[in-house]
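To start, the structure itself, in structure tokens.
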Number of protein chains: 2
Amino acid sequence: MPTLPSGLLGDLDPTSDRAVFRQIADQLREAIDRGRFREGEKLPSEAELVDHYGVSRMTVRNSFSILQGEGLVHAEHGKGVFVRPRPPVRRLASDRFARRHREQGKSAFIVEADAAGSHPQVDSLEVKEEKASQDVSTRLGSVRRVLARRRRYLLDGRPVEFATSYLPLDIARGTPIAEPNPGPGGIYARLEELGHHLDRFEEEIRARMPSPAEVKTLRLASGVPVIHLIRTAYDTEGRAVEVCDTVMAADAYVLSYQLPAT
Amino acid sequence: MPTLPSGLLGDLDPTSDRAVFRQIADQLREAIDRGRFREGEKLPSEAELVDHYGVSRMTVRNSFSILQGEGLVHAEHGKGVFVRPRPPVRRLASDRFARRHREQGKSAFIVEADAAGSHPQVDSLEVKEEKASQDVSTRLGSVRRVLARRRRYLLDGRPVEFATSYLPLDIARGTPIAEPNPGPGGIYARLEELGHHLDRFEEEIRARMPSPAEVKTLRLASGVPVIHLIRTAYDTEGRAVEVCDTVMAADAYVLSYQLPAT
DNA sequence: CAGGCATACTCGTATAGACGAGTGGGCAAG
DNA sequence: CTTGCCCACTCGTCTATACGAGTATGCCTG
């Protein structure tokens, strides 16, 4: 086992109140922040740190688990612990549903990702009628059953977003909206063709840690939160015509909104 | 030590591939989700779970640390492990900076919290001139130095938000904006009085795990992400007149935006 | 009755050891 | 040279133990 380059990491302060594993985590964090370890680079192995600090292995692992919780590092079984690379972020602008973006044949996601030089994919397509949850029912104005459209978005093979659209059956049933591929411009284009002219959207944004199911679906590393966005689309008569529930890997997104200062 | 009520938690599956500590975490998580343990309620102690499952204490603690990372529970030294209560959320509407909200003498935060029946506070007031960071400088259009206004917001004694406003010196120096208390309507009202008529805001939203400093300032429990919001205010001439950098405890906020479907 | 202390229970920190499993490189056999 | 195995190194899981420190309760003392 190669010994640790001296000077890379400091020593422990036995007089400090701070727990040993926190001191080790502090030193590793600082080294990462200062760029002594770069993105994707391997940190010293547990055994090396055990030697360097003269502590037991569980103490070192405890330090790593702190950094993992902060989303700074991730462990790979059999390989080592690595500085977590920051993925390229997808910027969602508040005008992303403007009519002018709805002209092309491909979905906004595909067009935008292609432009950014990434390889986009959409999978997990599921379209079915189901009972509306309490929340969705309230937002759509007390509907019992809805058409649900589920899909997962991937960039360069990595899942980044999982979204479900809910539409009242009297609007969607028997229309292209109920097809797996609703056609150019997506369901908003279809809604307008069907006479439901869109007036405004309302978006609610939360952030939280993912459920185990979300970790699985989005292949999330530990220490990565999700952004939970719920969008409601209203037509010009003030009726809610769609609710879209989206869960995004928070390390892959920046949301951007333009607000008038009225 | 009281023995665990039978039936509350299941048994382990020795044939399962799933690690023991994950199985225990699964069972606790499910019990919480089903409401068998309510918000704020104490979970079985480590010793009780050691007895119930016949595993070592570190294994039980490992299970708890999973649930802590998910933000489901929090431990209190000397007391026990508790289901983390969901605090009341503060809803931020996208029209919160509209002029009509700027008339009253008190800040938007105080007015809104009072209306919601909470006890609001603002502290950590710091107003000083400093060197602009690279990011702030870019956003404000290559300024070197800025006026920085820092403050922390609390609801019912709990810190929920930490914000810093940056303004170019040529706008803010020597004006009420450079005073600790800028007066009724806040700095946006002062900006308009000084002839900088606000035209629009741009808000960028990210979510991530907090830094140790943010954990301290916002007294965050583990497993609680932060929402990082950067707002830039533009005047009618298109000049950026303020950048506000805000870090919010994600469990205390829902952001809401109204978007036209143009 | 009031105050203080002892105690039991809680989680926090740390050690030492064991075995398992994924990865990758080198060496030996074909 | 290629194939396949072995081994070293990595992290993952689990046990058993020890002591420290915060909390709450009840008893004992004044």
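Lettering of chains follows the sequences in order, A, B, ..., and the numbering in each one begins at 1. The figures here come from the full heavy-atom set of this structure, side chains too, leaving out hydrogens, waters and symmetry mates.
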Within residues 58-80 of chain B, those residues having any heavy atom closer than 4.0 Å to DNA chain C are B:Met58, B:Arg61, B:Ala75, B:Glu76, B:His77, B:Gly78, B:Lys79, B:Gly80

Applying salt bridge (charged side-chain N to carboxylate O under 4.0 Å, His left out) as the test, list every pair that has at least one member in residues 211-225 of chain A; sequence neighbours left out.
A:Arg208-A:Glu214

What is the distance, to the nearest angstrom, from the CD atom on A:Glu46 to the P atom on C:dG17?
17 Å

Residue list, salt bridge (Lys or Arg N to Asp or Glu O under 4.0 Å) with A:Glu204, at least two apart or on another chain:
A:Arg139, A:Arg206, B:Arg91

Distance only, no hydrogens: is a donor on one side chain within 3.5 Å (strictly under) of an acceptor on the other, for A:Tyr53 and A:Gln23?
no

Rounded off to whole Å, could you give me the CZ-to-P distance for the A:Arg57 and D:dC9 pair?
14 Å

Using heavy atoms and a sub-4.0 Å distance, could you list which residues of residues 14-25 of chain A are near DNA chain C? By number, please.
A:Ala19, A:Val20, A:Phe21, A:Arg22

Salt bridge (Lys or Arg N to Asp or Glu O under 4.0 Å) against A:Glu203, all qualifying residues, sequence neighbours excluded:
A:Arg96, A:Arg231

List the residues meeting ring pair (Phe, Tyr, Trp, His ring centres under 6.0 Å) with B:Tyr257, not counting sequence neighbours, and say none if there are none.
A:Tyr257

Residues in side-chain hydrogen bond (donor to acceptor under 3.5 Å, both in side chains) with A:Lys42, at least two apart?
none

Examine C:dT10: is either OP1 or OP2 under 4.0 Å from a nitrogen or oxygen in the side chain of B:Ser45? Give yes or no.
yes

How would you list, by chain and number, every residue that makes a ring pair (Phe, Tyr, Trp, His ring centres under 6.0 Å) with A:Phe109, sequence neighbours excluded?
A:Tyr153

Could you work out, with side-chain hydrogen bond (donor to acceptor under 3.5 Å, both in side chains) as the rule, every residue matching B:Ser222, not counting sequence neighbours?
B:Gln68

Rounded off to whole Å, could you give me the NZ-to-C1' distance for the B:Lys42 and D:dT23 pair?
12 Å

Just the rounded figure in Å: distance from P of C:dT13 to OH of A:Tyr53.
17 Å

